Amino acid sequence: MTTEDTRTYDVVVIGAGPVGENVADRTTAAGLSTVIVESELVGGECSYWACEPSKALLRPALLRADAGRVPGLAPAAAGPLDTAAVLAHRDRMAAHWNDDGQVEWLKTAGIDLQRGHGRLDGPRRVAVTTPDGGTVHLRARHAVAVCTGSGAALPDDLPGLAALRPWTSREATSARRPAGRLVIVGAGVVATEMATAWQALGTEVTLLARGSRLLPQLEPFAGELVADRLREAGVDLRFGVTVATAARTDGEVRVTLTASGDGRITASDGGRIVADEILFATGRAPRTGDIGLETVGLTPGDWLATDDSLTVTAVPGDWLYAVGDVNRRALLTHQGKYQARITGAVIAARACGIPLDTGRWSPHAGTADTAAVPQVVFTDPEIASVGLTTAEARRTGRRVHVVDYDLGHVAGALQHDPAYRGRARALIDPDRRTVVGVTFAGPGVAELLHSATVAITGEIPVERLWHAVPPFPTISEVWLRLLETYRDQTR
């Protein structure tokens, strides 16, 4: 027997991942009644299949790599990782895929939870199919926020994909045991991080990249350093190749390759690889295929374009918001949470009849989405980037001074590793004399990134940065070296 129920709230949020939780938290704090709809686990992708479990897998691998380069520690770090302990730690960090703690947080924050699959059902309406087959109709007085995120994009031109039973990022971060042999298709963050993690846990990893380098969206030196370390760790890297066929036979995955671009097929195996599992890390797609977009004039399966207030531009009335991955502005959890903070402020202002302040860096504008998106790739070495890259500056016609420095010349880096390999690059606007982009590549650089983010968002003039004194001996002294290099270049 099915039942129907209708309830009215000020705000309805579809998706209870970190982004949806933050939207709901901000609107509730503003005094607006809010309900959040979730069909899976409260806490979303980041908590159970992405950020938390992946970094739990990577931390032991990176720590061992660092320890192995420190005099006196190398012998102690030479042995294999305790796989069972690493996976147990991963399980704890993923809360054993139980969302009781997150549900309790919603209660303490005063946010109602509606379990089930939510679909738009016209303007300011959401229909939820509940786990018991019933339907709950939710009406929003002010706003509906779509926070359904993204999922792995699998190749649609590969025959027999369902029978292949490939891994996506979800299976790669939640696997109960290491695969003996793993083929990874992709060259981006998921591909390089999972190659790092599983190779360290004893898996024989082959990584297949369509292009000529890893991490192609970042500065070229970042991918080069990561590629060097992966090869040293034993990963088989193959560039300029694509998967022609892949099939699961007798429990094994058999892959045949074709060359793409300037790639060449390895003569020793003729482009044929046999593995136990295959991971496709080939991009993300919006989870909008079955959320009722057609009821408000949008196309199911599309990304949802917004303005800087995170309002969906193709829907009139300023009531529909798309926050996080689903809008394709910046597919990162922390950036989605930033957007959620902006969205909450926008919804609250409109509900109270307060005009929006949408100027650059204002409370109602997601300026950082285009000017200062920070990202860390937790590989060996770590890659940390914020703002423009050299390629982006060139593509957009932005004039910048490029300032490079070898991190291995910084005293703090040598304390970290006597043979430290790394690089720093800063892009400086020559007219305004402010930093507009920074990339660090090297062990331990993740914690440098926030200083770069503050420099960019604060639009701090180079002359003022000279007064930010880096402690000695730390890797952060690279800031002084970058300023000195810039001074010498522009004399």
Side-chain angles (χ1 to χ4, degrees), residues 54-55 58 61-62 65-66 169 172 182-200 205-243 257 259-264 266 279-284 330-332 373-395 400 402-408 413 417 419-427 437-446 448-449 452 478:
S54 67
K55 284 15 173 218
L58 285 158
L62 299 180
D66 284 347
S169 53
L182 174 63
V183 170
I184 299 176
V185 183
V189 176
V190 172
T192 53
E193 287 191 347
M194 290 299 95
T196 300
W198 288 113
Q199 181 72 31
V205 177
T206 301
L207 188 149
L208 310 175
R210 181 189 295 269
S212 59
R213 61 187 178 94
L214 299 181
L215 303 172
Q217 302 304 314
L218 299 175
E219 297 286 4
F221 61 80
E224 292 165 5
L225 285 166
V226 171
D228 288 346
R229 289 294 197 200
L230 286 175
R231 287 193 185 97
E232 291 170 10
V235 175
D236 181 3
L237 298 180
R238 306 194 189 189
F239 293 98
V241 296
T242 58
V243 175
L257 305 177
S260 61
D262 296 328
R264 294 182 177 84
T266 304
L279 162 61
F280 284 99
T282 48
R284 307 290 292 178
L331 277 67
L332 295 159
V373 175
Q375 179 177 12
V376 176
V377 187
F378 291 89
T379 45
D380 179 20
E382 290 175 342
I383 309 299
S385 176
V386 61
L388 288 175
T389 63
T390 309
E392 288 170 332
R394 187 180 304 115
R395 178 177 55 81
V400 295
V402 179
V403 186
D404 287 323
Y405 195 78
D406 185 340
L407 270 167
D417 172 8
Y420 192 102
R421 283 187 284 169
R423 189 169 172 186
R425 170 170 289 180
L427 305 185
V438 178
T439 299
F440 300 115
V445 298
L448 293 178
L449 187 58
V478 69

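The chain is numbered in sequence order, starting from 1. All of these numbers come straight from a predicted model, not from anything done at the bench.
Taking every heavy atom of both residues into account, Ala441 and Leu225 meet most closely at CB-CD1, 3.7 Å. Contact between Leu62 and Phe378 at its shortest, heavy atoms only, is CD1-O, 3.6 Å.
The list of salt bridge (charged side-chain N to carboxylate O under 4.0 Å, His left out) pairs with a residue in residues 182-197, not counting sequence neighbours, reads Lys55-Glu193.
How far CG of Leu230 is from CG of Asp380: 8.0 Å, rounded to the nearest 0.5 Å. Between Glu382 atom CD and Leu58 atom CG the span is 9.5 Å, to the nearest 0.5 Å. Between the CD atom of Gln375 and the CG atom of Leu215 there is a distance of 8.5 Å, given to the nearest 0.5 Å. Note that CH2 of Trp198 and CG of Leu279 are 10.5 Å apart. Values are rounded to the nearest 0.5 Å. Between atom CG of residue Asp406 and atom CZ of residue Phe221 there is a gap of 11.0 Å, rounded to the nearest 0.5 Å.
In terms of the side chain to side chain donor-acceptor pair (under 3.5 Å) criterion, residue partners of Arg425 (sequence neighbours excluded) are, by chain and number, Glu219, Thr390, Asp404. Listed by chain and number, the residues in a side chain to side chain donor-acceptor pair (under 3.5 Å) with Thr242 are Thr258 (sequence neighbours excluded). Residues passing the side-chain contact (heavy atoms from CB on, under 4.5 Å) test with Arg231, sequence neighbours excluded: Ala227, Asp228, Leu237, Phe239. In this view, Ala200 and Ala61, Arg64, Leu81 satisfy the side-chain contact (heavy atoms from CB on, under 4.5 Å) rule, not counting sequence neighbours. For Arg284, there are no salt bridge (charged side-chain N to carboxylate O under 4.0 Å, His left out) partners two or more places apart in sequence or in a different chain. The side chain to side chain donor-acceptor pair (under 3.5 Å) check on Glu392 picks up Thr389, with sequence neighbours excluded. Not counting sequence neighbours, the partners of Val373 by the side-chain contact (heavy atoms from CB on, under 4.5 Å) test are Ala330, Leu332, Gln335. Every residue meeting the side-chain contact (heavy atoms from CB on, under 4.5 Å) condition with Asp417, not counting sequence neighbours, appears here in chain and number order: Arg69, Arg229, Ala419, Tyr420. Under the rule for a salt bridge (charged side-chain N to carboxylate O under 4.0 Å, His left out), the partners of Asp236 that lie at least two apart in sequence or sit in another chain are Arg238.
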Evaluate the criterion side chain to side chain contact (heavy atoms under 4.5 Å, CB included) for residue pair Val243 and Leu257; output intermediate values, then yes/no. CA-CA 5 Å; Val243 175; Leu257 305 177; 4.2 Å; yes
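Between Ile383 and Val226 the shortest side-chain heavy-atom distance falls below 4.5 Å. Looking at Met194 and Ser54, their side chains come closer than 4.5 Å, going by heavy atoms from C-beta outward.
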Would you list the atom pairs, donor with acceptor, under 3.5 Å between side chains in residues 205-214 and any protein atom, with sequence neighbours excluded?
residue: Arg213; atom: NH1; partner: Leu218; partner atom: O; Å: 3.3
residue: Arg213; atom: NH2; partner: Pro216; partner atom: O; Å: 3.0

Exercise answer: donor-acceptor pairs, residues 185-192 side-chain atoms, under 3.5 Å, sequence neighbours excluded:
residue: Thr192; atom: OG1; partner: Gly188; partner atom: O; Å: 2.9
residue: Thr192; atom: OG1; partner: Val189; partner atom: O; Å: 3.2

